[in-house]
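Protein chains get the first letters and strands the later ones, always in sequence-line order, with residue 1 at the start of each. All values derive from a computational prediction rather than experimental measurement. Computation of the quantities below employed the complete heavy-atom set of this structure, encompassing side-chain atoms and omitting hydrogens, waters and symmetry-equivalent molecules.
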Amino acid sequence: MTSPGLHLSGAPFLRKENKGLAEPRGPRALCESAERSSKQNRQVCLSVPYWEQWREEAHAVKRFSILNLDKLLVEFERNATARGAVVLWAKDAEEANRHVLDIVERHRVKTVVKSKSMVTEEMELNHVLAAVGVRALETDLGEYLVQLAGQRPTHIVTPALHLSAEDVGRLFAEKLQEPYTSEHEKLTDIARRHLREEYLRADMGISGANCALADTGSICIVENEGNAGLSISAPPVHVAVMGIEKVIPSIRYLPLFLNLLARSGTGQKLTTYTHIVHGATPGRTFYIIILDNGRSDILRDPASRSSLYCIRCGACLNTCPVYRRTGGWAYGWVYPGPIGAIITPHLVGMKDAGKLPFASSLCGACGEVCPVKIDIPHQLVHLRHKAVNCPSPVRSPLERLIWTAWSWAMEGPLRYRLAMSTVRLGVRLAKFLPWHPAQLGAWTRGRELPEVPAYTFRAWWRRRGQEFAGDNGKSGIATSSPKKEEVSA
Amino acid sequence: MIHLKNGLPDGKYPTYSRGEKAALFIPCYIDQFFPQIAEAVAAILKKLGIPVVFPEGQTCCGQPAFNSGYWEEAARVVRHFCDVFRPYQYIVCPSGSCTAMCRVFFEQVDPDDRIVSVGRRVFELSEFLVNIVGVADLGARFPHKVTMHSGCHGRRELGILDQPLTLLQNVKDLVYCELPNIEECCGFGGTFSVKMPGTSIAMGETKAANILQSGADVVTSLDISCLMHVGGILRRNPQMRHIRPMHIAEILVQR
Ligand code: SF4
């Protein structure tokens, strides 16, 4: 993979020396805020009587867009170019970074203001710029805090979800020498004061794109703070970086996505600001970088394809009981939570991210809330199947052997009985063991084992089954077992 | 594949006619650790005059291997399952999770119609009673405060939630206690419970706290696997130890 500073190998779920999944405990603030937003946003969503129709419709539009990416992207490029934008293509993060560096050089850029963009996180753009002496300042409040703290975002919509107001107060006191406060308004004021001057000083603004509209050649950016608007309009140069999956056929569908995104993302009917950038304004230069970075690999896998429909609303993160408890860094890359668990393995490869699809109880909460109806839980299982069959940290000959033995044992009733007697004996004896190994220990760490009854149901049925056959039949026992030969027991 | 709410291709349940047999599919952990649940299921069906058979060749639905990514291994077990149950029109299972495996996921393991069609004849107990046989009142009496944990697979893959609630409502003298955050996962998740025990237990503790808050002294569910996990936590905690986990079938046979 080409991403320069891939921080995957240090991530708790992914650490190589960790045989199982390591489980960090995320900060309480994150758990509580995620739960709160999840509940509030869900209410806002479900108060729309035709919410389910919207989801269906959005799914269909996205499906069409992804299946016609080749044509739509070219159409988008043509229309955007006609409006004076310069469209650049990038196969991977490295190429995208090279484009940015070229632009930096061409326009003699010294300072950059950035509005929130996950795709530039994929590129580790801030580091790349820093390496050539260009200062890139995040202007989204959450991103600003995370950058100031020298951390990484824990959430794709609310990057500083893990920081409480007290944390922020301490951060400002330490890094900006401001008097400590934990009042939200005062904190916002401090950030605003420090950021304001930067917009006017910056030589270039960098943004992402929430949507690219093929028929008008424009991009759409939504936000709540006004920082994106300033970042893309104050400096003389604007660079928008977008993934190839952002394009939709027409501006006609935009309202649908704005409705879905605001409600699922932040529980708003509409975000405070919606910018539609129709090409370059006179005297300013506007670049659009269209990045693949592994997305066409997803496109190649029909069972994973719908993960490209994602509009990055973050609803699946907020609702996910695992994300809430582990926090975003656990997932090791740019995209945490359920969506991260299904796209990261494609974008950075199974070898690095093969454990991610296992970081789920498969409860399906994510699939239920996703505004574009991505079947996340099913994709998690699909990727687990892939992960155990290709070079990845979860491929294990021993585990394979265990499952092969298991399936052999489950292929006939006698073998089953033999295997099960062993399990019953094990559970009975476990009580007397002073120490529980591996998986057993993992269970009893916080839970009691079930009591083992004196008999099994099938033994009981052999004695009593007749009573249940009803008045039409002779015996309730159906002995027609399959043709397979029984070799055991 | 269009994924319909109850996992059936047209979304419609078949209608049961008198005298048709029900074949019991008893998941392995019930067979081995909770035989009284299966006995209760048989008793409920008998009371309704439904002839019950228990195909003795049965073992497992293949879910553990499937969810762990070992689809080839799961497929062998699924084929065995289908060989055993192919003769039956109604396959009744006292677990939402195993039913979801059969009805929704067999297709992914092996899209052969001979497999998929068997999977689609598997019904979870409460939906079999309410949607197929058409009974809501089983004449049970259970004078206790009861709350219900709704297993994720049953609810999200098969759309089962109202059926068990209806059945419980009709139990005489039962006081139903609302469970806060009923939609949240208990953290069991099969092998997840031992692969990520820390998170699994943390989720279970939240569930246990909600159960305590409901004020119930019995917690029921369609899935004893979830209750085995949550119950294991309840039993560890002196303030929660009095709360008894019971499968819904065990309540529905009480007189
Ligand atoms: S997968 Fe769905 S719910 Fe999750 S961020 Fe993307 S659009 Fe939102």
May I ask you to name which of B/Met203, B/His229, B/Gln32, B/Glu183 has the most heavy-atom pairs under 4.5 Å with chain A?
-> B/Gln32

Does the B/Gln58 side chain pair with the main chain of B/Pro55, one donor and one acceptor, at a distance under 3.5 Å?
-> yes

Proximal component of B/Phe66, with respect to chain A [non-hydrogen, under 4.5 Å] | both

Between B/Ala75, B/Cys152, B/Ala74, the one whose heavy-atom pairs under 4.5 Å with chain A are most numerous | B/Cys152

Among A/Glu35, A/Arg458, A/Glu399, A/Glu467, single out the residue with the greatest number of heavy-atom pairs under 4.5 Å to chain B.
-> A/Arg458

Answer key: most heavy-atom pairs under 4.5 Å with chain A among B/Ala42, B/Cys60, B/Gly189 is B/Ala42

Kindly say whether the aromatic ring centers of B/Phe81 and B/Phe85 come within a distance under 6.0 Å.
-> yes

Without swapping roles, check the side chain of A/Arg384 against the backbone of B/Asn67 for a donor-acceptor pair under 3.5 Å.
-> yes

For the pair B/Arg156 (side chain) and A/Cys363 (backbone), establish whether a donor and an acceptor sit closer than 3.5 Å, ignoring hydrogens and angles.
-> yes

Comparing B/Gly151, B/Ala23, B/Cys185 against chain A, the one with the most heavy-atom pairs below 4.5 Å turns out to be B/Cys185

Distance-only donor-acceptor check, side chains A/Tyr416 and B/Asp31, under 3.5 Å | yes

Out of B/Glu39, B/Gln36, B/Met228, B/Glu72, which one racks up the most heavy-atom pairs below 4.5 Å with chain A?
-> B/Glu39

Looking only at atom types and distance, does a side-chain atom of B/Glu205 sit under 3.5 Å from a main-chain N or O of B/Ile233, one as donor and one as acceptor?
-> no

Examine B/His247 together with B/Phe34 and report whether their ring centres are nearer than 6.0 Å.
-> no

Please state whether the side chain, the backbone, both or neither of A/Ala365 comes within less than 4.5 Å of a heavy atom of chain B.
-> both

Could you tell me which portion of B/Glu184 (side chain, backbone, both or neither) has an atom closer than 4.5 angstrom to a non-hydrogen atom of chain A?
-> side chain

Turns out that what part of A/Trp403 lies under 4.5 Å from chain B's heavy atoms comes down to both

With only heavy atoms counted, which part of A/Lys386 is less than 4.5 Å from chain B, the side chain, the backbone, both or neither?
-> neither

State whether the side chain of A/Lys355 and the backbone N or O of A/Val394 hold a donor-acceptor pair below 3.5 Å, judged by distance alone.
-> no

Give, as side chain, backbone, both or neither, the part of A/Thr444 having an atom under 4.5 angstrom from any heavy atom of chain B.
-> both

When the 4.5 angstrom heavy-atom criterion is applied to B/Ser97 and chain A, the contacting part is neither

Region of A/Val322 in contact with chain B, defined by heavy-atom distances below 4.5 Å = both

Taking the six-membered ring for Trp and the full ring for Phe, Tyr or His, determine whether the centres of A/His385 and B/Tyr70 are under 6.0 Å apart.
-> no

Which portion of A/Leu383 sits near chain B, non-hydrogen atoms under 4.5 angstrom | neither

N/O donor-acceptor pair under 3.5 Å between B/Ser68 side chain and B/Pro64 backbone = yes

Side-chain (A/Tyr455) to main-chain (A/Ala459) donor-acceptor, under 3.5 angstrom = no

Tell me, side chain or backbone of B/Leu24 under 4.5 Å from chain A's heavy atoms, or both, or neither?
-> side chain

Measuring heavy-atom distances to chain A, does B/Asn181 have an atom under 4.5 Å in its side chain, in its backbone, in both, or in neither?
-> side chain

Are B/Phe54 and A/Phe457 close enough that their ring centres sit under 6.0 Å apart?
-> yes

Given A/Arg424, A/Glu368, A/Met420, A/Arg400, the one with more heavy-atom pairs under 4.5 angstrom with chain B than any other is A/Arg400

Highest number of heavy-atom pairs under 4.5 Å with chain A: which of B/Lys46, B/Glu73, B/Arg236?
-> B/Arg236

Under 3.5 Å donor-acceptor, B/Arg121 side chain and B/Tyr88 backbone | yes

Atom group of B/Cys186 that falls short of 4.5 Å from chain A, counting heavy atoms | neither

Contact origin within A/Asn389 toward chain B - heavy atom pairs under 4.5 Å = side chain

